[in-house]
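Please read the structure below before turning to the comments.
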Number of protein chains: 2
Amino acid sequence: MAKARQDGSDNDAAQRRVQMADIARLAGVSTATVSRALNHSPLVSEETRRRILELAASLKYSINIGAQNLRLKQNRTISVLIPFDRKIHQNLTDPFLLAMLGSLADALTEQGFDMLFSRIATDELGAAAAAPFDSGRVVGIILVGQWGRHQQLNELAARKVPIVVWGAQLPQQLYCCVGSDNVSGGMLATQHLLEQGRRRIAFFGDIELPEPAQRYRGYCAALEKHGIAVDPRLQVSTPFLPIGGSAAVETLEARAISYDAVFACSDLLAMTAIDSLRAHGKRVPDDVAVVGYDDIDQSAYFHPRLTTIRQPIGAAGRALVAALLALIDGTPAASVELPTQLIVRASAGEERAAPA
Amino acid sequence: MAKARQDGSDNDAAQRRVQMADIARLAGVSTATVSRALNHSPLVSEETRRRILELAASLKYSINIGAQNLRLKQNRTISVLIPFDRKIHQNLTDPFLLAMLGSLADALTEQGFDMLFSRIATDELGAAAAAPFDSGRVVGIILVGQWGRHQQLNELAARKVPIVVWGAQLPQQLYCCVGSDNVSGGMLATQHLLEQGRRRIAFFGDIELPEPAQRYRGYCAALEKHGIAVDPRLQVSTPFLPIGGSAAVETLEARAISYDAVFACSDLLAMTAIDSLRAHGKRVPDDVAVVGYDDIDQSAYFHPRLTTIRQPIGAAGRALVAALLALIDGTPAASVELPTQLIVRASAGEERAAPA
DNA sequence: TTGAAAGCGCTAACAC
DNA sequence: GTGTTAGCGCTTTCAA
């Protein structure tokens, strides 16, 4: 097994990594001077600095960040955690996560921070999530999705672990949360379907989880506003996984109730649902209109093109990072709800006119 | 701007991070003993060890990895780089990358390594790619895609930077490369289309890049084997981006030549191509059969379901990590070509019988 | 079985 | 301007 010596010195012919003392010796100065020169201190003569910089460049020397961090008691690394369910440890597959990861990478880079990326089992969201922080590996944690681990997250926050979570705001929440406005997202989607004349709208999403739960609240509110009773048989709890959409369609079919629309809690669910609906001989949107959530790239060229609720992904990354950096600075960071937007495409569109 | 003190001490009320000396004092022993106890050295009495471990657990103490690494001159972090084109810095969007990232994360975790993830501009693939290694931040680098920076990568390898690249094997290649067998992947796809009776097969992919170039070689080989001349007008160079597929279809249409099939160098390209073909009134697969590459999850529920060349993503991550760890150990690591597999689905399927 | 002391590569007083 | 020195939090001889 790899020992991972920094200089790869398991190799017989390994050359020692060049360090500050080498530069100092070659330049005929002390390491203090080298340090100053490399850190653009004004306390070095122009001539000395030039000589040192040249030497360093020619030897491809670059300051050992580990040692520097230790000495300075600083660190510019953030842990980004994407949870997975241990029972079904499967490929990372929802494109929304990729977009989020990219957005976070950009926002962190912009602020001069590095990203330590790992997947983590949802049942370890307590202590294990904080491990890289406790060991001084990172100065803060960004968690993508709260996954019903509200209590554990509260405990971390109470312990002053700097953590920001992508998810839904909940009562008695001690940790900082950034997410989209799920209630109004759910309302927008449902309202749109109602305006298209749909009356039997199914809801696909695990309402045990905070985000789907809030979207469901928006869904219920929209129905009630239109004087339509919420039919619990139209709600199907299904996981955020590729099989989720088809599983939900099967469940719904098994219940043998009529429905003319689906609001799915992610585009991934919407897409697999549409695939299953097609297999059941139902046309989208003619027989069943479908609205998704996220507005991942693929929604624009899926067939039929997906009507969906857009989450502002670029803003999400920036907001998460900004909140975390504030926390790290010791400033209490308020939770953030980002606006959502209805994107109308073919899967539930303008095509249909008045109520059926 | 965040200073990112490790203890968040910008906060007035910040408590100092607990460290080994604290445990030692509280336990009435020296730090040496604490260190031994924490590292399961046999040189500590059972009683002392227990006391120390308990104390550490109750204080949520965990060894400062930075200091430990410095002292031990070790490090268990790997840099994973996903390049982007600076001219069109856009969202991370190809689901294949997400699957690759997940696969790498799993393989690294399995080996007890952390992943430092960053995006990098393709024009910085030389020096900037090695920066985290030169600064001792990581002990090795995994680069996803070589992006025509063959020369720069060779220079890194010549400098003994431990780097493994996901991509295609090239002549005079000094760096270690792991990839799928692109030539036979291209052949499999083209052969399948030929067997479906297609004769005018378009090729979508930038043949300036190594992987598409090899797939194109496979494509040409298959055509020649069937006695069909390669028509260069059927080859369309298009980037690995969401717009790539539709751009390629537009180009092809503008050339006003006939075609009855498309082999696209990624599923993403295939999907956006299909979307565009549909807009042009062409049915898939009836008018134009389409084969993609990668076999991302979505291919299985795209409409029509996508026939594609599967790259073994789980094996890919493990092979990349294994090769890199070998390099770090000082063992020269041979490049690897993973097998590909034709996955037949509806976009170019068995439905069609004999040649038209 | 434990402790004292040196040192990993770097920075920052402090002295000159 | 530059060097000397102490020390960041840890591990590991060496001595007891």
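Naming convention: chains lettered A, B, ... in sequence-line order (proteins, then strands); numbering from 1 in each chain.
Each of A/Glu155, A/His150, A/Gln152 was scored for a side chain to side chain donor-acceptor pair (under 3.5 Å) with A/Tyr175, with one residue passing: A/His150.
Nucleotide C/dT11 holds its P atom 12 Å from the CD atom of A/Gln19, rounded to whole Å. With rounding to whole Å, A/Arg36 atom CZ is found 12 Å from D/dG1 atom P. Atom CG of B/Asp134 is separated from atom P of C/dG9 by 16 Å (rounded to the nearest Å). Whole-Å rounding puts the B/Leu38 CG to D/dT12 P distance at 13 Å. For A/Leu72 and D/dA6, the CG to P distance is 20 Å, given to the nearest whole Å.
For the 3.5 Å distance criterion, the side chains of A/Gln19 and A/Arg16 qualify, holding a donor opposite an acceptor. A/Ser41 and A/Arg49 share no side-chain donor-acceptor pair at under 3.5 Å.
Residues of residues 39-52 of chain A that place a heavy atom closer than 4.0 Å to DNA chain D, in numerical order, are A/Leu43, A/Val44, A/Ser45, A/Thr48. For DNA chain C, the residues of residues 61-71 of chain A within the heavy-atom distance limit of 4.0 Å (strictly under) are A/Tyr61, A/Ile63, A/Asn64, A/Ala67, A/Gln68, A/Arg71, sorted by number.
Within the 4.0 Å cut-off from OP1 or OP2 of D/dG9, at least one side-chain nitrogen or oxygen of A/Lys73 is found. Dashed line: the shortest gap from a side-chain N or O of B/Ser30 to OP1 or OP2 of C/dT2 is not under 4.0 Å. Residue B/Ser35 places none of its side-chain N or O atoms closer than 4.0 Å to OP1 or OP2 of D/dC10.
Side-chain to base pairing of B/Arg17 with D/dG9: no donor and acceptor N or O lie closer than 3.5 Å to each other.
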Atom pairs and distances, donor-acceptor, side-chain atoms in residues 101-108 of chain A, under 3.5 Å, two or more places apart:
{"from": "A/Ser103", "atom 1": "OG", "to": "A/Ile313", "atom 2": "O", "distance (Å)": "2.7"}
{"from": "A/Ser103", "atom 1": "OG", "to": "A/Gly317", "atom 2": "N", "distance (Å)": "3.2"}
{"from": "A/Asp106", "atom 1": "OD1", "to": "B/Arg119", "atom 2": "NH1", "distance (Å)": "3.3"}
{"from": "A/Asp106", "atom 1": "OD2", "to": "B/His89", "atom 2": "NE2", "distance (Å)": "3.4"}
{"from": "A/Asp106", "atom 1": "OD2", "to": "B/Arg119", "atom 2": "NH1", "distance (Å)": "3.1"}

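In terms of the side chain to side chain contact (heavy atoms under 4.5 Å, CB included) criterion, A/Thr109 has no residue partners (sequence neighbours excluded). Not counting sequence neighbours, the partners of B/Ala128 by the side chain to side chain contact (heavy atoms under 4.5 Å, CB included) test are B/Ile120, B/Glu124.
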Run the salt bridge (charged side-chain N to carboxylate O under 4.0 Å, His left out) check on A/Arg51 and A/Glu54 step by step: do they pass? CA-CA 5 Å; A/Arg51 209 167 70 246; A/Glu54 262 171 23; over 6 Å; no
As a quick check of understanding, evaluate salt bridge (charged side-chain N to carboxylate O under 4.0 Å, His left out) for B/Asp123 and B/Arg149, giving each step before the final call. CA-CA 8 Å; B/Asp123 55 22; B/Arg149 299 289 158 169; over 6 Å; no
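Paired regions of DNA chain C, where each region holds three or more successive Watson-Crick or G-U pairs whose two hydrogen-bonding distances fall under 3.5 Å, are C:1-16 with D:1-16.
Remark: B/Arg17 is not positioned above the aromatic ring of B/Tyr61, lacking an NZ or CZ atom under 6.0 angstrom from the ring centre and at most 45 degrees off the axis.
Considering CG of A/Leu70 and CG of B/Asn69, their distance stands at 10.5 Å, rounded to 0.5 Å. Note that CG of A/Leu170 is 7.5 Å distant from SG of A/Cys177, once rounded to the nearest 0.5 Å.
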